[in-house]
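Numbers for residues simply follow the sequence, beginning at 1. In each ligand, atom 1 is the first atom listed, and ligand 1 is the first ligand listed.
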Amino acid sequence: MADKQVGKEKRLTIDELATFCKRKGFVYPNSEIYGGMSGFFDYGPLGVELKNGIKQEWWKSHVQQRADMVGMDGSIIAHPKVWEASGHVANFTDIMAKCGKCGNSARADHIIEDKAKVATAGLNAQQLGELLVKHKLKCARCGSDQLRIAQPFNLMFKTTIGPSEGSESVAYLRPETAQLIFANFRLVQENARMKLPFGIAQVGKAFRNEISPRDFLFRCREFEQMEIEYFVHPNKIGSCPYVAEFGDYELNVLTSDMQKKGSNDHKRMKVSEMLDKKTILPWHAYWLAFEHRWLTGLGAKAENLRIRQHVQTEKSHYATDTWDLEYDFPFGWKELEGIANRSDFDLQQHIKVSGKDLSYFDPETNTKIVPHVVAEPSLGVDRTFLVFLFDAYEYDVKRENVVLHIHPRLAPIKAAVFPLLSNKDELVAAAKKVYDELRQEFNCFYDENGSIGRRYARMDEAGTPYCITVDFDSLQKHDVTIRDRDSTQQKRVKIKELSSVLQQLLSGKKNFGEI
Ligand code: GAP
């Protein structure tokens with residue numbers, strides 16, 4: 001399928017983005033040569049660069065640049081007691097609808113939302129069952145009207161450890177990275193000598209046996225999370241020393257009260273207004289605004305983002321309040337990042353089940369306390385990948401090709417180097433020399449195939465912000481042309497200054513007009 005001609009005003013469907021991603025080498029369906037595996041994907045040459053770029057940018061701004069944050073990297077399989085203590089063994093379930101005739105199963109809320117176009121957030125099994133009957137919803141496989149609510153389905157992937165197959169060897173792949181942070185809380189805090197308030201961050205794989213994986217990378221069975229558990233003294237959960245920085249910051253807001261009144265439309269509000277109305281606690285507001293600023297700073301469009309508070313019945317078993325940072329996907333407003341207030345639920349659970357002391361010694365009062373997680377910013381890498389691609393994608397009618405306006409810091413290839421003509425040995429040699437030097441510092445690409453126009457077009461589609469051409473003047477004057485992806489403007493730059501010019505452009509210290 002050819003790429004859709006989508007300008008700034010119209011947007012791609014998720015299937016069109018998936019097609020583009022496969023064609024350009026961003027993402028492939030997993031095991032495609034054997035018929036594929038639903039819910040699993042492989043990242044290609046451009047995709048792995050973009051994905052790594054997202055994780056590196058996140059780590060830099062959330063861990064490296066913050067004195068109140070430290071990182072860790074836990075294992076994917078942990079002691080099964082971890083998941084009993086966390087409540088995942090008992091509660092991490094989705095409600096299924098099963099066809100009484102052919103046995104086909106699917107998520108009940110998905111069937112209702114897709115077919116009856118009714119919002120299902122927070123509905124229990126009985127309410128979902130009533131909606132199936134009320135809207136006379138039929139089985140997608142055999143068409144029968146015998147769809148009924150089935151046993152809840154636990155989403156954790158089971159595996160066995162070692163050669164024995166008894167129940168004592170059963171373990172789970174982690175469905176979230178968070179629990180490794182709680183299980184290691186005491187060690188991390190003591191080793192890094194962290195003082196409250198502080199956060200522990202982790203990036204890594206998570207696995208969920210989703211009943212119906214769908215919408216490309218949006219709902220997969222293997223994905224990655226960038227998570228923080230932010231710990232605060234229980235007596236200080238009501239005030240956040242950093243929130244003033246975001247007083248005037250504006251967000252699109254949909255509160256649980258607005259939803260209770262039947263509205264699904266958000267309102268633009270300042271953080272200070274939300275705090276004045278006591279719609280949200282200060283730490284929670286701070287982290288929502290911080291995450292929003294990080295996403296928009298790297299190219300997500302503010303008009304496609306909103307924060308939505310969970311309604312009472314929708315909250316996870318561990319949460320006292322949850323806000324989702326939602327993105328306006330082509331299939332509706334959906335969760336990009338969940339930010340829950342987990343209180344002291346997890347630490348208390350692990351203290352109870354393990355019998356170990358996971359408390360914090362407060363040097364101010366000389367007492368032991370159990371900190372509260374006032375906010376758990378939990379962002380999916382794969383969903384963030386989708387968001388940055390959706391908001392970068394434009395079919396440029398004048399250029400007659402796709403231009404990915406991806407932020408230079410995230411661009412998979414930072415610069416491409418071309419000889420003007422591929423049949424002139426002296427141009428090829430000079431271009432290869434420039435390329436060899438630049439790629440010691442940046443991810444670069446060398447291309448001598450096709451016309452310069454075609455080479456620019458290929459790099460526009462890959463999101464490469466700068467293309468460098470070596471021409472005949474370069475041989476005399478020791479300079480090159482550098483072309484800006486977004487404006488298509490070109491400038492001449494001395495070869496000896498090229499690396500520092502690129503550095504300034506990529507870091508945002510200078511824009512193209514200033515060089
Ligand atoms: N520790 C909290 C937690 O895991 P969550 O809302 O279940 O919260 C956090 O997940 C984020 O992980 C989501 O906002 C989403 O970005 C990502 N995520 C969750 N399930 C996913 C799936 N099946 N496929 C892709 N990403 C997923």
Side-chain angles (χ1 to χ4, degrees), residues 14 18 27 30 37-41 43 51 54-55 58 74 76 78 82-83 86-88 91-94 107 109-110 121 153-157 172-183 199-230 287-288 291-292 294-295 300 305-310 314-327 329 331 333-343 345-347 349 373-388 390:
I14 191 81
V27 182
N30 171 264
M37 278 272 282
S38 182
F40 298 92
F41 292 91
Y43 285 77
K51 195 181 186 199
I54 292 171
K55 290 187 281 183
W58 188 89
I76 280 164
V82 168
W83 307 110
S86 69
H88 283 83
N91 299 313
F92 198 55
T93 53
D94 273 342
R107 260 178 76 161
D109 55 345
H110 285 175
F153 177 75
N154 193 297
L155 298 185
M156 278 197 297
F157 272 107
Y172 304 98
L173 306 196
R174 65 185 185 196
E176 60 171 14
T177 66
Q179 290 308 319
L180 285 303
I181 296 179
F182 295 120
I200 304 178
Q202 185 174 197
V203 176
K205 293 263 185 183
F207 300 83
R208 295 184 188 176
N209 198 3
E210 296 283 354
I211 301 168
S212 21
R214 59 187 196 163
D215 295 321
F216 187 34
L217 301 175
F218 180 81
R219 190 174 303 288
C220 1
R221 289 179 165 137
E222 175 176 338
F223 55 96
E224 262 182 286
Q225 293 184 318
M226 303 180 281
E227 290 200 302
I228 289 169
E229 302 303 326
Y230 200 82
W287 276 107
L288 281 159
E291 293 303 280
H292 188 278
W294 182 78
L295 288 160
L305 293 170
R306 74 176 185 189
I307 59 167
R308 185 184 70 81
Q309 188 177 24
H310 280 203
E314 184 187 359
K315 283 186 285 198
S316 305
H317 60 277
Y318 50 73
T320 59
D321 188 19
T322 299
W323 288 77
D324 286 345
L325 230 164
E326 293 190 332
Y327 178 78
F329 285 97
F331 40 91
W333 286 97
K334 299 279 172 201
E335 174 183 345
L336 163 64
E337 175 166 17
I339 305 190
N341 181 333
R342 292 180 85 126
S343 68
F345 175 86
D346 302 86
L347 285 180
Q349 278 297 107
V373 168
V374 283
E376 180 205 44
S378 177
L379 178 60
V381 177
D382 313 78
R383 288 189 192 175
T384 310
F385 184 98
L386 286 182
V387 164
F388 286 137
F390 270 124

protein heavy-atom neighbour closest to atom 12 (O) of ligand 1 works out as Gln225 NE2, 3.3 Å

Task: Candidate pair Ile228 and Trp287, rule side chain to side chain contact (heavy atoms under 4.5 Å, CB included), full reasoning - done: CA-CA 10 Å; Ile228 289 169; Trp287 276 107; 4.1 Å; yes

min-distance protein heavy atom vs atom 24 (N) of ligand 1 -> Cys220 N, 3.0 Å

**Asked** Would you call Glu227 and Arg342 a salt bridge, using N to O less than 4.0 angstrom?
**Response** no

Atom 5 (P) of ligand 1: of Arg208, Glu176, Glu337, the nearest heavy atom sits on Arg208

Problem - Sub-4.0 Å heavy-atom approach of Leu336 to ligand 1 - result: yes

contact_flag His88 ligand 1 heavy-atom lt 4.0 Å
no

So for Arg221 against ligand 1, with non-hydrogen atoms under 4.0 Å, the contacting part is neither

Among non-hydrogen protein atoms, atom 15 (C) of ligand 1 lies closest to Arg383 NH1, 3.5 Å

So the atoms of ligand 1 within less than 4.0 Å of a heavy atom of Glu376 turn out to be 1 (N), 2 (C)

Can you check whether Glu229 has an N/O within less than 3.5 Å of an N/O in ligand 1?
no

shortest atom 17 (C) of ligand 1-to-protein heavy-atom contact is with Gly380 CA, 3.7 Å

Shortest non-hydrogen pair, Val387 vs Ala300, comes out as CG1-CB, 3.9 Å

Report task. Would you check whether Tyr318 reaches within less than 4.0 Å of ligand 1, judged by its heavy atoms? Result -> yes

(message) I'd like to know whether ligand 1 has Thr177 as a neighbour, heavy-atom separation below 4.0 Å.
(response) no

**Message:** If I apply the N/O under 3.5 Å rule, does Leu217 come out as touching ligand 1?
**Reply:** no

min-distance protein heavy atom vs atom 14 (O) of ligand 1 -> Glu335 OE2, 2.5 Å

